[in-house]
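Notes follow once the structure below has been shown.
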Amino acid sequence: MPEETIESRKLSQKKVYEIPIRRITSNTNPRNPLSASLQSQGWDCMTGDKKIWNLATSDDATERAMYVKLIQDFDPELASLAATILSQGLLEPIEVREGGTGTFTLVFGARRCLAVLFNWCLIGKPREPLIEAFLVKGNSTQILHRAVIENIRKPQSVIDEAKAIRMALNNGETET
């Protein structure tokens with residue numbers, strides 16, 4: 001049987017879990033999934049001083065409204081993705097790994113998660129959204145490789161590349 005057929009069969013047999021989106025508390029991918037406009041204002045997804053994830057998952061309605069406004073004004077592609085998810089549903093699950101104590105680390109799918117959060121913040125439904133996710137296993141280096149490979153289609157910045165190299169070196173990879 002051809003390799004790609006075996007691999008696609010394995011993927012189709014993966015169990016999809018629905019997890020509360022606020023249980024995702026960290027991100028393995030060194031790449032900032034936000035638009036250049038938001039990044040230039042100092043925003044990052046889940047790291048640094050200005051975590052946009054914290055606005056989107058806040059219990060404070062004012063902070064969630066600020067998240068919506070930031071996305072509408074500075075990341076129209078993400079707002080467009082959110083509209084597609086609202087009309088079509090999430091077409092591709094994200095990948096997470098268990099982080100312990102009921103939390104999860106995002107492997108890839110940050111923009112999809114941010115779009116789901118945008119819809120939740122915009123519509124104002126009281127119940128926290130559940131997001132479809134595959135659970136993956138592996139050591140930190142394997143997870144980092146998956147995260148970087150998933151996002152290879154979009155050229156990464158020099159800073160994102162340096163973060164990925166630093167993470168790999170911290171996880172025991174060699175420079176060669």
(request) For residues Ile52 and Ile71, determine if any side-chain heavy atom of one lies less than 4.5 Å from a side-chain heavy atom of the other. (result) yes

(request) Would you confirm whether Trp53, through its side chain, and Ile24, through its main-chain N or O, come within 3.5 Å as a donor-acceptor pair? (result) yes

(message) Is the shortest side-chain heavy-atom distance between Ile19 and Phe104 below 4.5 Å?
(response) yes

(request) Assess whether atom CG of Asp60 is packed by more than 12 heavy atoms of other residues, nucleotides or ligands within 6.0 Å. (result) yes

(request) Kindly give the heavy-atom pair with the smallest separation between Asn119 and Ala83, and that separation in Å. (result) OD1-N, 4.4 Å

(request) Over all heavy atoms of both residues, which pair between Ala115 and Ala82 is shortest? Give the atoms and the distance, please. (result) O-CB, 3.5 Å

(message) For the backbone of Glu92 and the side chain of Glu132, can you confirm whether one donor and one acceptor N or O come within less than 3.5 Å of each other?
(response) no

(message) Would a single hydrophobic cluster contain both Leu130 and Val107, if residues Ile, Leu, Val, Met, Phe, Trp and Tyr are joined by side-chain heavy-atom contacts under 4.5 Å?
(response) no

(request) Compare all side-chain heavy atoms of Glu98 with those of Leu135 and state whether any distance is below 4.5 angstrom. (result) yes

(request) Please answer whether the main-chain N or O of Leu106 pairs with a side-chain N or O of Thr28 as donor and acceptor at a distance below 3.5 Å. (result) yes

(message) Could you tell me if the side chain of Leu78 sits less than 4.5 Å from the side chain of Ser35, heavy atoms only?
(response) no

(message) Closer than 3.5 angstrom, by distance alone: can the side chain of Trp120 be matched with the main-chain N or O of Arg127 as a donor-acceptor pair?
(response) yes

(request) To the nearest 0.5 angstrom, please state how far the CG atom of Leu34 sits from the CD atom of Gln41. (result) 10.0 Å

(message) Could you report the tightest heavy-atom contact between Met66 and Trp43, atom names first, then the distance?
(response) CE-CZ2, 3.9 Å

(request) Over all heavy atoms of both residues, which pair between Glu128 and Ile21 is shortest? Give the atoms and the distance, please. (result) OE2-N, 3.2 Å

(request) Evaluate the side-chain proximity of Val136 to Val96: yes if any heavy-atom separation is below 4.5 Å, no if none is. (result) no

(message) Does anything in residues 63-77 form a side chain to side chain donor-acceptor pair (under 3.5 Å)? List the pairs, not counting sequence neighbours.
(response) Ser58-Glu63, Lys69-Asp73, Asp75-Arg111

(message) Are Phe134 and Ile94 packed together at the side-chain level, in the sense that at least one heavy-atom pair is separated by less than 4.5 angstrom?
(response) no

(request) Drop me the distance from Arg23's CZ to Thr103's OG1, to the nearest 0.5 angstrom. (result) 9.0 Å

(request) Quick one: closest heavy-atom pair of Cys45 and Leu114, and the distance? (result) SG-CD1, 4.1 Å

(request) Indicate yes or no for a side-chain donor-acceptor contact from Lys51 to the backbone of Asp44 under 3.5 Å, with no hydrogens or angles considered. (result) no

(request) Using a 4.5 Å cut-off on heavy atoms from C-beta on, say whether the side chain of Leu86 contacts that of Ile123. (result) yes

(message) Are Phe118 and Ile85 packed together at the side-chain level, in the sense that at least one heavy-atom pair is separated by less than 4.5 angstrom?
(response) no

(request) Please test Asn27 against Thr47 for side chain to side chain contact (heavy atoms under 4.5 Å, CB included), starting from the C-alpha separation and ending with a verdict. (result) CA-CA 8 Å; Asn27 186 7; Thr47 59; over 6 Å; no

(request) Taking all non-hydrogen atoms of both residues into account, name the closest pair between Arg22 and Asp59 and its distance. (result) NH1-OD1, 2.6 Å

